[in-house]
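What follows is a short report on a single structure.
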Amino acid sequence: MYADLIDFDTTGKVSADIFHSEETYRRELSTVFARSWLFLAHESQLRAPGDFVTALMGEDPVIVSRQRDGGIRAVLNVCRHRGMRVCRQDSGNTKRFTCSFHGWTYDTAGELVKVPRETEGYHDRLDKKGWSLTPVTRVESYRGMVFGTWDPDAPALIDYLETARPALDSFIDTLGSDIELAGPMKWRIRGNWKMPAEGLGTDGYHAETTHASALQAIGGMAEPSRIFQYSSAAGHAAAMTDLGVTQRMHEKAGVGPSPHGTNDTVTVAHATVFPNFSFIGYSGPLRVWQPRGPEEMEVWGWVAVPAGLDAETRRQKLRGVTVSFSSSGVFGCDDSENWSEIAAVGRGFVARSTPLNYQMGMGFDDPAGTDLPGFDVRTGHLFNDIGARGFYTRWAELMDGPELALTPSAPPPGANGRG
Ligand code: FES
Ligand SMILES: [Fe+2]
């Protein structure tokens with residue numbers, strides 16, 4: 001039982017093995033990733049019919065595209081002929097996707113529309129309808145954010161996101177409601193995907209140590225007047241703080257007034273939508289921690305910017321994020337160093353067998369934050385592992401639950417002259 005690998009009632013332990021085990025990783029793909037709603041795209045990337053982006057759902061590549069009827073559809077980006085990746089671009093606009101191996105061609109809905117040498121090779125008996133690209137079971141949007149799931153029994157997206165919405169709404173509202181995404185920037189790092197996912201949900205604790213030099217350079221951390229974290233049964237987690245904190249950070253750094261306001265409104269500082277979609281408030285970085293094995297991940301990063309910014313303001317905004325939270329940004333480098341070292345040292349037999357401590361704040365959850373509208377979930381102080389405990393509780397629940405039952409449609413009869 002994966003539930004036995006965590007204990008948040010008495011010891012606060014998490015087994016180190018869950019960050020290294022190949023077997024655990026394989027089960028994550030068929031349970032956690034196959035049965036959750038996963039972030040795919042933002043609607044601003046798919047404005048016109050034929051606009052598409054490629055995305056990942058766990059290790060499964062998909063194409064997400066705007067249809068002629070205005071809907072958004074996603075299909076597995078794997079050719080039905082020999083399993084080649086059909087589309088190898090990040091994004092674009094097209095009517096057709098042609099596989100570069102033998103030329104099978106699909107429309108944006110995934111229907112197989114053209115097969116080279118269909119007459120000579122298949123004697124015009126190929127049932128093309130039966131060999132379309134595998135559709136993603138469900139695709140839904142929330143405030144422009146497009147998610148997909150393979151699970152036909154998943155709750156509606158809006159319900160799945162219920163306890164993530166205070167953070168997600170705050171992220172979007174702070175940027176001005178009408179946003180678009182710049183990116184993605186993609187990079188690979190060693191490390192298990194769960195480390196940054198829990199971190200962006202819960203780990204304000206690391207900042208003073210991991211980012212000590214960077215914080216020194218910008219004048220140190222400002223004390224927020226209100227800050228708390230929340231965690232939910234759905235596994236989502238976030239840290240919320242008052243907007244005034246960014247103002248005080250700006251003052252300390254001597255870089256002029258914060259563009260984000262100075263009031264005590266509580267807004268999202270950082271959050272993770274279970275399982276692997278994270279964002280940072282105010283400045284707009286979005287992340288998907290793409291799993292690439294138990295000790296490897298591909299980071300996909302975008303920056304959300306208000307739509308219609310003039311070119312110079314947009315450039316400055318993107319530059320601000322690039323120097324802080326990108327692959328080469330000061331905070332980004334500090335963070336990935338930790339995740340890579342954990343992956344490296346945790347390969348040891350003894351290291352993998354040694355439980356890790358997720359006790360912080362256990363039993364001291366502060367219900368005071370619940371007076372804030374919309375936060376009817378458990379809350380704690382900044383220095384609290386509450387978000388991680390919620391994340392791993394949900395994770396274990398899915399890991400111990402059934403794998404996604406795939407019911408691929410039976411291939412149609414052959415084209416061999418007898419079928
Ligand atoms: S693998 Fe795609 S056409 Fe052959
Ligand atoms: Fe960090």
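These numbers were taken from a predicted model, which means no experiment stands behind them. Both backbone and side-chain heavy atoms feed into the values below; hydrogens, waters and symmetry mates do not.
Residues Tyr142 and Asp169 have side chains that bring a donor and an acceptor to within less than 3.5 angstrom of each other. Side chains of Asp335 and His211: a donor on one and an acceptor on the other come within 3.5 Å. Side-chain atoms of Thr267 and Thr174 include no donor-acceptor pair closer than 3.5 Å. Residues Arg88 and Ser100 have side chains that bring a donor and an acceptor to within less than 3.5 angstrom of each other.
For the residue pair Arg143 and Asp173, the shortest heavy atom distance occurs at NH2-OD1, 2.7 Å.
For Gln359, the CD atom sits in a packed shell: over 12 heavy atoms of surrounding residues, nucleotides or ligands are nearer than 6.0 Å. More than 12 heavy atoms of other residues, nucleotides or ligands sit less than 6.0 Å from atom NZ of Lys186. Enclosure of atom CD in Glu23 is not indicated, since only 12 or fewer non-hydrogen atoms of other residues, nucleotides or ligands lie within 6.0 angstrom. Within a 6.0 Å radius of CZ in Phe331, more than 12 heavy atoms belonging to other residues, nucleotides or ligands are found.
Side-chain contact between Tyr106 and Ile63: absent, with no pair of heavy atoms (C-beta onward) separated by less than 4.5 Å. For the pair Val268/Phe279, a side-chain contact is recorded, criterion being any heavy-atom separation below 4.5 Å from C-beta on.
Results of the ring pair (Phe, Tyr, Trp, His ring centres under 6.0 Å) test with Trp289 over Trp339, Trp300, Phe277, Trp193 single out Trp339 as the only residue that passes.
Put simply, CG on Leu126 and NZ on Lys128 are 6.5 Å apart, with the number rounded to the nearest 0.5 Å. A distance of 8.5 Å separates OG of Ser44 from CG of Asp178, quoted to the nearest 0.5 Å.
The distance between the ring centers of Phe171 and His270 does not fall below 6.0 angstrom.
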